[in-house]
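By convention here, the first residue in the shown sequence is residue 1. Only heavy atoms go into these numbers, but all of them, side chains included; no hydrogens, no water, no symmetry mates.
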Amino acid sequence: MAFCGKIIFISIRKRESMRYGEKSNLKLMLQALCVGLIAGVVVGFFRYGIGKTEAFWLDLFKKSHQNPLWFIVIVAGLALTGIIAGYFVKQYPHVGGSGIPEVKLQMQGKLTLQWWPILWRKLIGGIMVIGTGLFLGPEGPSLQLGSTIGQGVGQGFKQTKTNSRVLLATGAASGLSAAFGAPLSGALFVLEEIFHNFSPRVWMNALVGAIASNFVVSNLFGQKPALALAYNHSFPMPLYWHLVLLGLILGLLGHLYKLGLFNLKKFYAKITFIPRWLHGLIPLVILMPIMYYLPLITGPGNHLILSLPKSIAYSSWNLVGMLAIFYVIRIAFSIVSYDSGLPSGIFLPILTMGALIGATYGLFMVQLGLLPQKLVINLIIFAMAGYFAAIIRAPFTAIILITEMVGSLLHLMPLAVVAFIALLVDQLLGGRPIYDSLAAAMEPKSGEKGLCGEEDQISIPVYESSKLVDEKIEDVKWPDDTLIKVIHRGSQDIIPHGDTVIAAGDLLVLAVDQNRRGQVYDAIKKLQGVELDG
């Protein structure tokens with residue numbers, strides 16, 4: 001009788017715990033909704049500001065064709081832009097660049113940032129810089145803006161460290177969703193490239209935030225896809241050899257882009273006649289002749305991409321050469337612009353370069369009589385996904401992102417073929433995900449911190465190839481001050497014992513000291529024998 005009473009008591013406590021957990025999850029989801037709505041407003045203003053600033057500079061350069069005296073205003077304005085944005089970076093170095101490496105390090109517990117100083121400086125600096133016409137995009141800054149909002153909301157609601165990271169990830173997804181009007185790829189990118197974990201709590205909240213932010217920007221900018229390119233002709237199977245060849249080219253050029261991006265940083269480091277925080281003046285000087293003679297190819301690149309369907313309607317060798325030159329200018333100046341350290345992103349410039357590669361390759365094959373001209377637009381779209389996959393190394397995001405931005409679910413198979421071949425080429429050449437490399441370069445080199453006594457958590461997915469598979473908990477040499485709290489296995493939550501065997505597909509929840517989260521994360525990567533990002 002006493003035994004039955006004990007079972008009933010445990011059952012009641014379990015139901016109460018489940019109800020508390022559901023209530024807590026619902027509360028977190030409502031906070032994620034708040035993050036998404038706020039991020040939608042902030043990134044919506046960010047996009048609007050960039051658009052107005054870009055129009056302002058284009059108008060000034062048009063006036064300079066009629067009256068060269070306008071160059072005085074242009075030079076003064078660009079110099080002021082470089083000084084103000086550079087000063088923001090000098091005050092808070094993590095305002096510079098895209099912000100995605102910072103978010104990765106924050107998620108790993110290796111970097112702590114103040115959200116408000118980053119938020120307003122990134123917002124103002126990004127509008128000023130990206131709006132000038134430099135070959136830079138708004139998506140990285142948008143993601144960081146969203147992450148700072150998530151961080152701020154987490155602090156405002158006094159959330160736990162674990163829930164704060166969920167809101168940080170939610171904000172990142174919301175920011176990227178608002179930047180492109182692409183909620184699915186916004187949430188997927190955070191899971192695939194930043195969080196490296198498909199935890200239900202993360203993806204559910206990230207998707208809620210991404211949908212909410214997209215709802216806001218859709219009301220501000222309309223529901224038209226960001227890159228509405230019509231392509232209605234299926235790519236014939238006998239012509240799939242084009243996809244293989246195009247994928248190889250994209251993988252090679254994507255790898256070269258990453259090499260250029262990291263090598264030019266070394267060149268900037270040798271420039272000492274002006275301080276590092278003023279290096280942004282260099283691309284702004286180079287921008288002036290490009291903006292004066294070739295205004296169409298300036299900016300993030302969305303206008304250039306949308307102009308390609310009209311351009312490729314008339315195929316000629318001159319057009320092939322012109323598009324190839326545009327690509328060379330875009331890749332060179334994109335690297336110069338980004339490595340200067342100004343607040344900026346590279347997503348849209350990458351898509352633009354991919355589109356130019358696809359258009360150049362397609363028209364080249366048309367001139368040789370090896371491809372129908374009506375299929376060139378297909379290659380433009382496929383190449384955007386392939387170039388993105390090779391450089392960012394997030395193939396699923398690449399496929400979904402292009403699908404959402406173009407606004408068509410057709411032709412997913414050839415899109416995926418190009419993306420995976422390009423990624424494979426970069427991988428065989430020894431390339432790494434670009435944001436992993438950028439994050440590693442800025443990772444603090446401080447020694448191991450002492451214990452602070454505050455608990456934090458790490459969720460570790462166990463992959464099929466992990467060395468932890470089939471190992472008993474007691475046989476694994478876990479990092480010091482680490483406790484395996486629970487194992488999520490399918491729909492079950494297992495309280496582990498020493499003889500519990502780890503299985504592929506498990507999600508291990510580790511309790512760690514807050515100050516040692518980064519060190520434990522790296523130690524677990526070595527234990528697994530595989531990268532946690534898959």
Side-chain angles (χ1 to χ4, degrees), residues 185 188 192-193 227 229-260 305 308-309 311-312 315 317 319-321 323-324 326-328 330-331 347 350-406 408-434 534:
S185 50
L188 185 58
E192 186 179 17
E193 174 57 21
L227 297 176
L229 300 173
Y231 71 127
N232 303 314
H233 300 285
S234 298
F235 207 84
M237 292 294 291
L239 295 180
Y240 263 48
W241 63 271
H242 282 295
L243 304 183
V244 176
L245 186 55
L246 179 60
L248 294 172
I249 295 170
L250 291 165
L252 176 60
L253 293 178
H255 186 74
L256 292 176
Y257 171 81
K258 287 191 282 190
L259 290 178
I305 294 173
L308 287 177
S311 301
I312 62 175
S315 178
W317 285 114
L319 182 57
V320 173
L323 290 173
F326 283 177
Y327 169 75
V328 172
R330 289 286 312 188
I331 188 173
F347 267 39
I350 285 173
L351 297 183
T352 305
M353 288 184 278
L356 287 171
I357 295 170
T360 304
Y361 173 88
L363 290 179
F364 181 80
M365 289 299 172
V366 169
Q367 289 299 110
L368 295 179
L370 298 174
L371 182 76
Q373 191 163 343
K374 67 181 181 181
L375 295 179
V376 176
I377 187 65
N378 294 52
L379 295 184
I380 290 173
I381 294 168
F382 303 158
M384 286 193 286
Y387 204 59
F388 184 96
I391 295 172
I392 308 297
R393 293 285 288 275
F396 296 105
T397 301
I399 295 167
I400 299 301
L401 177 65
I402 298 305
T403 299
E404 288 188 290
M405 292 186 73
V406 172
S408 173
L409 289 172
L410 301 175
H411 322 308
L412 282 177
M413 181 177 171
L415 193 71
V417 169
V418 174
F420 278 98
I421 290 176
L423 182 146
L424 182 61
V425 170
D426 177 70
Q427 195 168 18
L428 291 174
L429 291 172
R432 292 190 63 211
I434 191 168

Taking all non-hydrogen atoms of both residues, which atom of [X] and which atom of [Y] are closest, and how far apart?
X	Y	result
A383	G354	CB-O, 3.1 Å
N378	S234	ND2-C, 4.5 Å
A359	L323	CB-CD1, 3.8 Å
V366	S315	CG1-OG, 3.7 Å
A419	A385	CB-O, 4.2 Å
I312	I377	CD1-N, 3.9 Å

Once you round to the nearest 0.5 Å, how far does [atom1] of [X] lie from [atom2] of [Y]?
X	Y	atom1	atom2	result
M365	T360	CE	OG1	12.0 Å
I331	T352	CD1	OG1	12.5 Å
F326	I357	CZ	CD1	15.0 Å
H255	Q427	NE2	CD	12.0 Å
L423	L250	CG	CG	11.5 Å
L188	L401	CG	CG	9.5 Å

- Worked check of side chain to side chain contact (heavy atoms under 4.5 Å, CB included) between L370 and W241: CA-CA 11 Å; L370 298 174; W241 63 271; 4.2 Å; yes

- Query: Would you say the side chains of T397 and E193 form a donor-acceptor pair under 3.5 Å?
  - Reply: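 No, no side-chain donor-acceptor pair sits under 3.5 Å.
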
- Please, which pairs that meet salt bridge (Lys or Arg N to Asp or Glu O under 4.0 Å) have at least one residue in residues 242-251, sequence neighbours excluded?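 Pairs touching residues 242-251 that pass the test: none.
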
- Between F388 and the options F347, F382, F396, Y257, the ring-ring contact (aromatic ring centres under 6.0 Å, His included) test singles out F347

Just so I know, are the side chains of [X] and [Y] near enough to count as touching, which here means a heavy-atom distance under 4.5 Å?
X	Y	result
L375	H233	yes
I249	V425	no
L363	Q367	no
F420	I399	yes

- Message: Given 3.5 Å as the limit, does a donor-acceptor pair link the side chain of R330 with the main chain of I350, or not?
- Response: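 Side chain of R330 to backbone of I350, a donor-acceptor pair under 3.5 Å: no, none is there.
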
- Between the main-chain N or O of D426 and the side-chain N or O of K258, is there a donor-acceptor pair closer than 3.5 Å? no

[X]: side-chain contact (heavy atoms from CB on, under 4.5 Å) partners, not counting sequence neighbours:
X	value
S311	none
A355	I305, L308, I380, M384
V328	none
Y240	F235, M237, L243, M413, P414, V417

- Task: Determine, stepwise, if the pair L229 / M405 fulfils side chain to side chain contact (heavy atoms under 4.5 Å, CB included).
- Result: CA-CA 9 Å; L229 300 173; M405 292 186 73; over 6 Å; no

- L256/L253 under side chain to side chain contact (heavy atoms under 4.5 Å, CB included): CA gap, chis, key distance, verdict: CA-CA 5 Å; L256 292 176; L253 293 178; 4.2 Å; yes

- Sequence-distant partners of Y361, ring-ring contact (aromatic ring centres under 6.0 Å, His included), two or more places apart: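 Once residues adjacent in sequence are excluded, the partners of Y361 under the ring-ring contact (aromatic ring centres under 6.0 Å, His included) criterion are H242.
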
- Task: Determine, stepwise, if the pair L351 / I402 fulfils side chain to side chain contact (heavy atoms under 4.5 Å, CB included).
- Result: CA-CA 9 Å; L351 297 183; I402 298 305; 3.7 Å; yes

